[in-house]
Amino acid sequence: MPRTRQQNVLAAQWAPNGHSLGASDLTAPDNQVFGLNVFSPAVQRQRLPRDIFRRLQQTLARGEILDTSLADSVAQAMKDWALERGATHYTHWFQPLTGMTAEKHDSFYAPTGEGTALAEFSGKELIQGEPDASSFPTGGIRATFEARGYTAWDPTSPAFILENPNGAVLCIPTAFASWTGEALDHKIPLLRSMDALSKSAVRALRLFGDASAQRVFTTVGPEQEYFLIDEQFYFERPDLFTTGRTLFGAKPPKGHELDDHYFGSIPERILAYMLDTERELAKLGIPVKTRHNEVAPNQYEIAPVFENSNVGSDHQQLTMQIMQNVARRYRLVCLLHEKPFAGVNGSGKHNNWSMGTDTGKNLLDPGDTPHENLEFLFFCAAVIQAVNKHQGLLRASIASPGQDHRLGANEAPPAIISIFLGYQLEEVFEAIERGEAGETTPGSFLGLGTPVLPPLPMHGGDRNRTSPFAFTGNKFEFRALGSSMSPSFPNTVLNTIVAEAIDELATQLEDALQGGADLEAALRPILQRTYAANKQIVFGGDNYSEEWHAEAAKRGLLNLRATPDALPYLVNADAESMFSKYGVLSERELESRYEVFLEQYVTKLNIEAETAASIARTMLLPAAARYHAELLAAQLSDLAGETSELIERFTDAIRALESANLSENQPHDDVLEHARYMHDTVLPAMSDMRAAADRLEKVVADDLWPLPKYSEILFIK
Ligand code: ADP
Ligand code: MG
């Protein structure tokens, strides 16, 4: 039955009290709910025997292996706390290579046989679980090993309680591995990469005379973009609920040309949603820093306060889940896809990244003294070298079908990786390269005539929004992540490549110091060489411009436009030797990721193609045919002729897509070849068909067109 526009508008009205969860404390001040559902160090201090608490914290601070004798006490305290908070079940919460999180719930209660149940939860159950690994992607590891896998407690990421209107579940962050010890998830390599970076950075810090830092943590603060649309439109669009993006839709008469949405005032229903989401996140100990409208209509952004990479990545996964759950309370759907609407800005995730010591020093903060400046320039140079050397790997770490619609589309960073240092920092490195940093007079910074580096701008005009990798005052911002993506893998890559570069530069510095040079004299030529050898990656101009693409090609920078172009860089010789040298991913683990990511690419495009063809045949073609019949019945032969031409073209395009997506027409021997086929043959067939459908959308009677249009989806709030 055809919808009416009125139905849609009615659907857009909302009932803020249509849910019970969270409503009761919506007006409580933030400080009363913050961390309410987290088994935080503060809760642990209250509930654990003093000695156990102290030993646990020590283990965590030093990054040592957990003494399993602690587990029973912790489990007991965790269970009591969770039961008091209303939990009936617990789950090991983990991140398989699907990119989503997984849970398997077990009840705390075991029947006693006398008609009662006893709450049980032992250290063994805390430490280890056994989900069946065979249903998760393992990219070959499964084929050669047993199907069994196990989850292992990650005590460095606090356990938390997920509430539901009908109960609550204790979630224990865990790593997921095969019985042979191979990582089957995104957490294990991330933890290993944090260790690798810590070792390299502490080694370097010693050369700078820092004897107190024991550990260096990488930090992450992801800024998340998303769309909110009315629930009714979502459920009326099988493309949206099956693939996360619209596979059809003509450009609306009004887009973001007017720029009237960005940073505009937030509509009431949306603000109510944001407040509720932030309240839920606060309960989970996830502090939200900013919220605002984004560029596209119905597009928004949320940014948390940064945390260490492991906890920050767990929290980012939770944030995406909570954002989607809470939306439904307001009859909204939260879209995290990178490109839900063609021709409209897509969504990304800005990955703010830095390194900090356990003594509280940010290694990417220029500091206030010449000595701190030297240290800062050293770590900065390491990042520049790492990003230049491993451009392809970084690009591969953020590759997905959704991203292919966005990167390089003049709205997001291009597929070319480059670094924006900002005018001042670039000048400093240029001067060092020119050798102007020769003589150092007392109080002058590397002979540049300033006592110390000026504070580098963090905000405002000096920002280059088009750069995929930008220095922003005291951190780098890797801007090319996709909105739906777990930050774990890109950060694993970032940590490891920087660990390698720090190590290489530290070796050079060590050699020079052993030769008797003082720190500054030893460092100067290293900075000079490193910058000169890697400055091709530094670019301060407009990354969207044609000229940059030409210039980047001249410089020999990689421009990996699509996922099948990028993924092979995961497994090239440089990547393989680095990952195994730093113990982050073995060759087999790396290969398995490569396979899994390629398989996911193929599968996702298969699903898109099938969904598109089916909507075309069973929804759009019938609508067009009905309209055509109406025109004939009304004896409007001119119009009927036009329409029938469009219908014919559309029908041909449907057939072409169906044939391209037939399994027997696809290469199955090699998964990379298969991915290329999907990119080169199936995707173009989909866009052809879409173009024909979008023309029909503009012709067929509005009451017959079965899909809500962009103009409705994007502008009704
Ligand atoms: P900007 O306006 O330059 O983007 P903000 O201060 O608004 O900077 O921060 C943006 C994001 O960067 C926030 O999520 C914030 O927590 C994060 N961030 C700030 N400092 C760091 C850091 N040292 N490491 C990682 N992320 C950081
Ligand atoms: Mg930012």
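Just so you know, ligand 1 is whichever comes first in the structure, and atom 1 is the first atom listed for that ligand. No experiment lies behind these values; they were computed from the predicted model shown.
Taking the six-membered ring where tryptophan is involved, the planes of F341 and F227 are perpendicular, since the angle between them exceeds 60° and thus also 30°. The aromatic rings of F208 and F378 sit perpendicular, their planes meeting at an angle over 60°, well past the 30° parallel limit.
When each atom of ligand 1 is checked for a heavy atom of V305 under 4.0 Å away, the hits are 16 (O). The distance from ligand 1 to the heavy atoms of T219 drops below 4.0 Å at these ligand atoms: 22 (C), 23 (N), 24 (N), 25 (C). Short contacts between ligand 1 and G221, defined as distances under 4.0 Å to a heavy atom of the residue, involve ligand atoms 14 (O), 25 (C), 26 (N). The P304 neighbourhood of ligand 1 comprises atoms 13 (C), 14 (O), 15 (C), 16 (O), with distances under 4.0 Å to a heavy atom of that residue. Every atom of ligand 1 with a heavy atom of S354 under 4.0 Å away is listed here by number and element: 22 (C), 23 (N), 24 (N).
For F376 and F471, the ring centers sit closer than 6.0 Å to each other. A distance of 6.0 Å or more separates the ring centres of F539 and F469. Not less than 6.0 angstrom separates the ring centroid of F306 from the ring centroid of W353.
Contacts with ligand 1 closer than 4.0 Å are made by side-chain heavy atoms of N362 only, the backbone lying farther away. With a 4.0 Å heavy-atom cut-off, ligand 1 is reached by the side chain of K289 but not by its N, CA, C or O.
For the pair R215 and F217, the cation sits on the ring face: its NZ or CZ lies under 6.0 Å from the ring centre, inside 45° of the axis.
Considering backbone and side-chain atoms together, F306 places an N or O closer than 3.5 Å to an N or O of ligand 1. Among the atoms of N352, some N or O lies under 3.5 angstrom from an N or O of ligand 1.
One side chain, H390 or E500, offers a donor N or O that lies under 3.5 Å from an acceptor on the other.
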